[in-house]
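Reading through the structure tokens given below for one structure.
Atoms within each ligand, like the ligands themselves, are counted from 1 in listed order.
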Amino acid sequence: MTDGMLSRRDFLRGALAAAGLAAIPAVRAQPAARLLRAMQGSVPLVGPDYPATGIWGYEGAVPGPELRFRQGERLRVALSNLLPADTTVHWHGIRLPNAMDGVPDLTQPPIAANGGRFDYQFVLPDAGTYWYHPHLGSPEQVGRGLYGALIVEEPEPPAVDRDLVWMLGDWRLDRNAKLVEDFGNMMDASHAGRIGNTVTVNGAIRESFELRAGERLRLRLVNAATARIYALEFRGHDPWVVALDGHPVEPHRPQRGRVVLGPAMRADLILDAKGEPGGTYPVVDDFYPRRVYRLLDLSYAKTALRGGHAGAAIPQLRANPVPEPDLARAQRHVVEFGGGMMGRMSRGMMRGGMAWTVNGVATREHDHEPFLKLALGRSVVLELVNDTQWHHPIHLHGHVFRVLSRDGRPTQHREWLDTVLLSPQERAQIAFVAENPGDWMFHCHVLEHQSSGMMAVVRVA
Ligand code: C2O
Ligand code: CU
């Protein structure tokens, strides 16, 4: 990391503070924190024929810098807020200490607009694909482009030719490629959330993605949209899913050949480039049946990288050190998600800007009474009930959970997730050890649903 380092003076001041202000020089040099500036920027999302789009981004870019660390390393990031609004950074999916979780008023004060600063540092216990984004006014702040990938590499990563990230963004733009600023309107909030009209891969509409026959790719997909759900089909290819939400899963072909990602969800794919040199193969998103579109083309170079594809066995990633829940002794709770259009949503709620509930309560941002109290170290089984006509990706902070069953049927892979996508009227049973002390957010990651009631706090103590 050569760019974005703190000045030497900042670093020394920090080191002295850490040493309890003693006038003893710090003995061991620690790597300096990486400076990350939340700021305004201008990005050619749509391409050269349109004006650039004004965005909010980390380092003024979309996505923000890809942060890469090794498993077990300590992340140190100094967030400098140059935006005209308060913000925070949440490190989505990381099992970190509560004080580093980036939830305003719950775990830290907001980082003030126009110059506020906050130092994040914590150890990264798990390898995998994660991401970072604000947790204040999120429909607007994520909707304007504040997000980036956080990649934690395994000590011995599987052999691939390229390891890369596709961050999927979704934007509501007008004819001049300008953001439509109707964030948080009740129409979006009470339906599927703010679904835009422009899907980007790593901050731009892409015609094609170049690859060479015979290559093996590790493709890390991150859904950074506030509301859009993707169902990606790689025509002419058979990717293997090897990790979900960062955590290894038994390698498998995606169901019905579609990689389905709700907001905030990730999938690591092993994609063998088995197409013909010179060929093009579309990647199609057909999650919304009336809005099927081509995300981009996989476009093959004229010459192959090697004959036949890498073809070797599909790598099985080593499990992360997540404690296994003890189902026989687990504490059990039912959590019901309600509200939304065509559901039991009262007019009074709508007038108050609320549309959704968790166990009957619509919670506002900054309101943080815990609705569930879990004993530290206890195993927990939650029965999540989606009593609405809408999809909800439900996210728990500070922990990962196994998905045991859906609608009463055991899941095939008992996958570890931090965000589980519930279909309309679906139920899912999840299990985890309440291992991480603190107050943790538990909310829908359709950010317009979160901010109109579908959030709650779980206390682990
Ligand atoms: Cu990705 Cu509470 O957030
Ligand atoms: Cu939701």
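Among the backbone and side-chain atoms of His392, an N/O/S atom is found under 2.8 Å from the Cu ion (ligand 2). Residue side and main chain included, His449 places an N/O/S atom under 2.8 Å of the Cu ion (ligand 2).
Panel detail: atom 1 (Cu) of ligand 1 has protein N, O or S atoms under 2.8 Å away, 3 in number.
Using a 4.5 Å heavy-atom threshold, the side chains of Phe337 and Val358 count as touching.
His397 and Thr107 share no side-chain donor-acceptor pair at under 3.5 Å. When only modelled atom types and interatomic distance are considered, Asn436 and His399 share no side-chain donor-acceptor pair under 3.5 Å.
Salt bridge Arg68/Glu153: present, at least one basic N to carboxylate O contact under 4.0 Å.
The nearest pair of heavy atoms linking Leu244 to Ala267 is CD2-CB, 4.0 Å.
Residues meeting the side-chain contact (heavy atoms from CB on, under 4.5 Å) test with Val123, sequence neighbours left out: Arg74.
Side chain of His395 to backbone of Asp418: a donor-acceptor contact under 3.5 angstrom is found.
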